[in-house]
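Naming: A, B, ... by sequence-line order, numbering from 1 per chain. Computed from heavy atoms alone, side chains included, the values below leave out hydrogens, waters and symmetry copies. All values derive from a computational prediction rather than experimental measurement.
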2 protein chains.
Amino acid sequence: MARRSDHTREEQYEMVLAAAREIVVAGGLEALTARKVANAIGYSPGTLYNLFDDFDDLIVHLNGRTLDELHEHLSSVPRTQDPMRDLKRLLRAYLGYLEDNRNLWNVLFEYRLPNNRSLPDWYVNKVAKVLGLIEVALSPLCPSRDPDTLADSARVLWASLHGICSLSGSGKLQVVSDQTVHKMAETLVDCFVSGLQTVHE
Amino acid sequence: MARRSDHTREEQYEMVLAAAREIVVAGGLEALTARKVANAIGYSPGTLYNLFDDFDDLIVHLNGRTLDELHEHLSSVPRTQDPMRDLKRLLRAYLGYLEDNRNLWNVLFEYRLPNNRSLPDWYVNKVAKVLGLIEVALSPLCPSRDPDTLADSARVLWASLHGICSLSGSGKLQVVSDQTVHKMAETLVDCFVSGLQTVHE
DNA sequence: CGTATATATTGAACGACGTTCAATTAAACC
DNA sequence: GGTTTAATTGAACGTCGTTCAATATATACG
């Protein structure tokens, strides 16, 4: 049996990512298997390998979609020129997305490519796009306008926030409530922004 | 075949964790399998289930050992009363341990228990012990001596540092060198400590 | 219109994984 | 020495990602 013309390659790609998304939303990464995705779209497992190099590749594409979603969600927060205010709003939006899309967020950050493989350029660009939002918010704090320093600061803040969400989410910080996570994240932003001002003077 | 008296239960436990450690050091988490551990200690896979609930349990015990090692390594840094100096030294020691024990560190933080299982108390205590080292270093900065605030600050700093190391280690921050990681971590400590002082005034 | 070519699709098969458990063996006890 | 007890085995189960010869259909051509 072969050569069905039910769907184009692009349609299949969309179907796969949509199915993968649903499966992850419902059951997390551990629920996401090749057979289950194939079954959900009405094709056999082998067909997935026409569209993706391997299952890791599929997950990376799914994560790309999640990054797009996250970027869109964060883009909707209004910007003033007050870094502290803007960053607090970004933080709220970020934590909001995390709460509403826990499993997608988990896959986004917990999934690691096997040993020596590195993420594709288009993926790295999506990350950079999100980081750009933080850079914009931070930029009034970097008087020297040194783009490298600004980028570094944004990455530090982004990564730090990730650390808080990640460790607390995996139960490795004896953090009990989302409330505590929010408080810790606020502490981070408060201290970091305030410290950044001091350091740059 | 059964009832060998080659080793006591305790000896077996030690052998398993030593073998698991070696396997992880050599090949990371993906190389760690039940059959390989069993083979390394000269027993069959089934024997592992006399010592551990399941393979997850084994990994948690291995991570417990890693936490002990990390605590011991961090304990060796001398303490002054200068938070910034102490934290910088702790940071250096931390990054040193990470560089020397990459795969162990990766397993420590990347491994997540399946869905709803939570880490055992003895494990949480080991985490708290490491956090205690940061609390001690931070304590001169918390004039109110409010233990909860102090604990939160320590956790924020710890988690933030983890975020930097974790994201850069997985290639999700387009960070190229260990040098950059070190620089970002220094930025974090600088800003956080400086900000903490400002916020508390 | 029929035939040849090309390709999308399948599903069984492979090896590896964690895990289980009846069978087996040796230690411990009386 | 016979009986009980328990540690150990290794084959087996169901799962996983992945492969690939076989197959069926769409397309191109004569």
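- Counting only heavy atoms from C-beta outward, the side chains of Leu29(A) and Asn106(A) never approach each other to under 4.5 Å.
- Rounded to a whole Å, the OH atom of Tyr43(B) is 21 Å from the P atom of dT19(C).
- Straight-line distance from the CG atom of Asp54(A) to the C1' atom of dT19(D): 13 Å, rounded to whole Å.
- The side chain of Thr47(B) contributes an N or O atom lying less than 4.0 Å from OP1 or OP2 of dT9(D).
- For the pair His7(A) NE2 and dA26(D) P, the computed distance is 14 Å after rounding to whole Å.
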Report, as a single string ordered 5' to 3', how protein heavy atoms within less than 4.0 Å touch nucleotides 12-17 of chain C: B base, S sugar-phosphate only, - not at all. -B---B
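- Residue Leu196(A) is tested with Leu138(A), Leu157(A), Thr149(A), Val156(A) for a side-chain contact (heavy atoms from CB on, under 4.5 Å); the sole match is Leu138(A).
- Heavy-atom neighbours of Arg117(B) CZ from other residues, nucleotides or ligands within 6.0 Å: above the threshold of 12.
- Ranking dT9(D), dT19(D), dT10(C) by closeness to the Tyr49(A) side chain, first place goes to dT19(D).
- In the displayed structure, Glu11(A) atom CD is contacted under 6.0 Å by more than 12 heavy atoms of other residues, nucleotides or ligands.
- Rounding to whole angstrom units, CZ of residue Arg9(A) and P of dA8(C) are separated by 7 Å.
- Rounded to a whole Å, the CG atom of Asp53(B) is 14 Å from the C1' atom of dG18(C).
- At dT8(D), one or more side-chain N or O atoms of Gln12(B) fall inside 4.0 Å of OP1 or OP2 (strictly under the cut-off).
- Distance CG (Leu51(B)) to P (dG18(C)): 16 Å, rounded to an integer number of Å.
- As rounded to whole Å, 9 Å separates atom P of dG18(C) from atom CG of Leu48(B).
- Contact of the Ile41(B) side chain with the His7(B) side chain is not registered, since no non-hydrogen atoms from C-beta on lie closer than 4.5 Å.
- For the pair Asp57(B) CG and dG18(C) P, the interatomic distance rounds to 14 Å; values are reported in whole Å.
- The CG atom of Leu74(B) sits 8.5 Å away from the OH atom of Tyr94(B) when rounded to the nearest 0.5 Å.
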